[in-house]
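In what follows, a single structure is set out as structure tokens and then discussed.
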Amino acid sequence: MKVFKDKTSLRNFLEPFRAEKKSIGLVPTMGALHGGHISLVETCKKKNDICVVSIFVNPLQFNDKSDYEKYPHTPEADVELLEKARTDVLFIPDYSEMYVSNPMLKFQFGKLEAVMEGAFRPGHFSGVGIVVSKLFNIIQPTDAYFGQKDFQQVLIVKQLVKDLSYSINIHTCPTMRDTDGLAMSSRNKRLDESSRALAAELYKSLKKAADYGHRSSNVHAEQLKKIIVEHLAQYPEIVTEYVEVAHKETLDLMSGECNPEDVVMLLACYIGGVRLIDNMFVKDQQL
Ligand code: PAF
């Protein structure tokens with residue numbers, strides 16, 4: 001695996017591949033890698049001639065300073081996992097390499113960011129938009145890979161690509177789960193033993209609602225939400241930030257009777273001070 005810390009050397013390295021019309025896949029990450037990231041790398045390797053992984057913990061997308069400071073860092077383990085997955089290139093810049101000065105640019109994604117992560121983490125998606133645009137400009141990939149676990153982020157990135165006319169195919173890869181259903185996330189590394197055991201309840205609440213959706217001939221958004229909220233309410237240690245039922249393409253919040261094919265259920269909760277998110281379709285569940 002070739003490792004680059006500076007963008008000029010990376011650009012120079014990639015130039016001949018681009019000249020030969022090779023496809024370049026990008027897996028953007030913030031490190032503390034897990035099976036979910038590795039599944040993105042594997043998909044990227046299958047679909048592209050060259051697979052570039054970036055690791056950069058982007059301060060701009062953290063609205064909470066202590067969340068940024070506590071974000072897990074496991075650089076040696078990350079390199080080992082990427083080598084094992086036969087990653088071609090790792091781009092691991094430091095702050096000054098990514099941000100020559102503090103950006104003045106701000107992105108606004110309208111109604112796509114008015115709810116859920118955008119509403120509870122002001123400025124988060126502007127920060128994501130800026131760093132993803134920078135990575136797209138530096139690496140100029142033909143394809144980029146994102147996990148469905150960050151559902152709203154995927155829709156925002158697709159909008160960014162449309163709005164700025166990037167010629168990049170955005171691939172959404174399924175959420176990888178531990179055996180008890182917990183969605184893999186770098187933040188899971190911060191859970192203590194009891195919080196980790198409890199964290200599987202997030203998955204179970206979504207699964208219970210999805211099962212109701214499968215059984216019912218007509219699905220009501222309020223009923224889906226109630227099942228999830230009531231399941232989580234059994235555990236006082238789980239502090240729910242939001243539970244929403246939304247249209248899977250527009251993120252419009254749903255109410256009343258809805259077509260289960262159109263619906264995604266999303267939640268954010270704190271367990272032991274760690275913020276976790278997850279989501280699930282009612283139909284086409286990835287189990
Ligand atoms: O999903 C993430 O890890 C980050 O938001 C991303 C896309 C790497 C941008 O910093």
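Treat the numbers as computed from the prediction; the structure is a model and nothing was measured. Here, residue 1 is the first one in the sequence, and each next residue gets the next number. Just follow the structure's listing: the first ligand is 1, and inside any ligand the first atom is 1.
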Can you name the one residue among K208, R215, K207 that meets side-chain hydrogen bond (donor to acceptor under 3.5 Å, both in side chains) with D211? K207
Nearest protein heavy atom with distance in Å, relative to atom 5 (O) of ligand 1: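 Minimum-distance protein heavy atom for atom 5 (O) of ligand 1 reads Q153 OE1, 2.7 Å.
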Number the atoms of ligand 1 from 1 as they appear, then name those within less than 4.0 Å of a heavy atom of [X], with their elements.
| X | answer |
| --- | --- |
| M30 | 3 (O), 4 (C), 8 (C), 10 (O) |
| P28 | 8 (C) |
| T29 | 8 (C) |
| V131 | 9 (C), 10 (O) |

With respect to L26, which candidate in V53, L135, D143 satisfies the side-chain contact (heavy atoms from CB on, under 4.5 Å) definition?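 Among V53, L135, D143, the one meeting side-chain contact (heavy atoms from CB on, under 4.5 Å) with L26 is L135.
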Going by an N to O cut-off under 4.0 Å, is there a salt bridge joining R121 and D67? yes
For ligand 1 and Q61, I'd like to know whether there is a polar contact (N/O to N/O, distance under 3.5 Å). yes
Anything under 30° is parallel, anything over 60° is perpendicular, the rest tilted; go ahead and classify H171 against Y145. parallel
Before giving the answer on side-chain hydrogen bond (donor to acceptor under 3.5 Å, both in side chains), spell out for Y99 and N58 the whole-Å C-alpha distance, their side-chain angles and the decisive distance to 0.1 Å. CA-CA 10 Å; Y99 295 109; N58 173 36; 2.6 Å; yes
